[in-house]
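Report on one structure; see the data block that follows.
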Amino acid sequence: MRIGFFDSGIGGVSVAKTFIRNNPSFSYLYFADDAHMPYGERSPDEVFALTTHALTRMFEHSCTLVILACNSASTVLPRIQQEWLPAHFPGKKVLGIIRPTAEDIAMHAHEHEVYILATPITVASRAYDKELAKINQVAHFFEIACPKLAEVIEKSENYLSDAQVSHYCKLYTQPIPYDKPIYVYTACTHYAWAAQLLQQERPLAKLIHQSSIIADTLSAYLSRHTEISQALIQPAELSFEVQCSSEDKQYIQKLLNLFTI
Ligand code: DGL
């Protein structure tokens, strides 16, 4: 049995690799739906259809637990968990990354000003507000929708010297104060690859990426669910399933390179 990580593209690697490094003995499948990205600029129904299609493929490839390493896909998680999984794959588990990130935000938002950079669908879904309300935290934060940023990161060969990536990083950090030690969450997994550029724009900000939050949450989940973790022990392996607009082999090589950064 494998653990699956799903994203619309390269973003999820930034989340998956921390967990995989800490747990090298499991078997993994990384699924990237590059052909249909950006998810963040699609409707909730489209994201639901694309995500459940990918999940079906991942379950067919022996994934028993899938992490939606994508905030945009995680906005449709309630519908997946409450309606789709019980009807189609009652034995499988799907986890998202918004709830654990909201828990982290809840720990900081009462002391610090918090900004969240996210895709348009994530901001429009108000998923972070809703999760914080469930945690019962009155947290004040500012969300900034960043159209195009994930897409230019996905298409770029070298994020840090890419003029378009740099342009959007400058544009979307404009509303963030320059002179205060505020917290900035990159709530789109693609943005992790542009973290250095975002940090340069706001040197005093504490930039928080979801990678270690998700790795810790997933480890805790597996220690609580020994029935899953015991079934997962397999010869260590990392394989890929991609839906690409470009050449598959080239894209898989790109994913592999990102896993080694
Ligand atoms: N990586 C996805 C996320 O975390 C967004 C990329 C996209 O728009 O497809 O939201």
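Indexing begins at 1, ligand by ligand and atom by atom, following the structure's order. Atoms considered below: every heavy atom in the structure, side chains included; atoms not considered: hydrogens, waters and symmetry mates.
- Between Glu131 and Lys134 there is a salt bridge, since a side-chain N of the basic residue sits under 4.0 Å from a carboxylate O of the acidic one.
- Looking at Cys188 against ligand 1, both its backbone and its side chain come within 4.0 Å, counting heavy atoms.
- Of the protein's non-hydrogen atoms, the one nearest atom 3 (C) of ligand 1 is Asn71 N, 3.3 Å.
- Checked against a 3.5 angstrom limit, the closest N/O atoms of Thr119 and ligand 1 fall outside it.
- For atom 2 (C) of ligand 1, the closest non-hydrogen atom of the protein is Cys70 SG, 3.3 Å.
- Residue pairs meeting the ring-ring contact (aromatic ring centres under 6.0 Å, His included) criterion with at least one member in residues 7-28: none, sequence neighbours excluded.
- Checked by atom type and distance alone, the side chain of Arg202 pairs as donor or acceptor with a backbone atom of Thr173 at under 3.5 Å.
- In this structure, Asp248 and Phe240 have side chains that are not in contact, with every pair of non-hydrogen atoms separated by 4.5 Å or more.
- A donor-acceptor pair under 3.5 Å is formed between the side chain of Arg42 and the backbone N or O of His36.
- Contact annotation: the side chain of Pro120 approaches that of Pro147 to within less than 4.5 Å [non-hydrogen atoms, C-beta and beyond].
- With ligand atoms numbered from 1 in the order given, ligand 1 contributes 6 (C), 7 (C), 9 (O) to contacts under 4.0 Å with heavy atoms of Ser8.
- Within ligand 1, the atoms closer than 4.0 Å to a non-hydrogen atom of Ser72 are 3 (C), 5 (C), 10 (O), numbered from 1 in the order shown.
- Considering backbone and side-chain atoms alike, Glu41 places every N or O at 3.5 Å or more from each N or O of ligand 1.
- Within the structure, the ring-ring contact (aromatic ring centres under 6.0 Å, His included) test picks out no pair touching residues 197-218 (sequence neighbours left out).
- Proximity of Asp7 to ligand 1, defined as any heavy-atom pair under 4.0 Å, is confined to the side chain (atoms from C-beta onward).
- Short contacts between ligand 1 and Gly40, defined as distances under 4.0 Å to a heavy atom of the residue, involve ligand atoms 7 (C), 8 (O), 9 (O).
- Residue contacts with ligand 1, taken as heavy atom pairs separated by less than 4.0 Å, involve Ala150 solely via side-chain atoms from C-beta onward.
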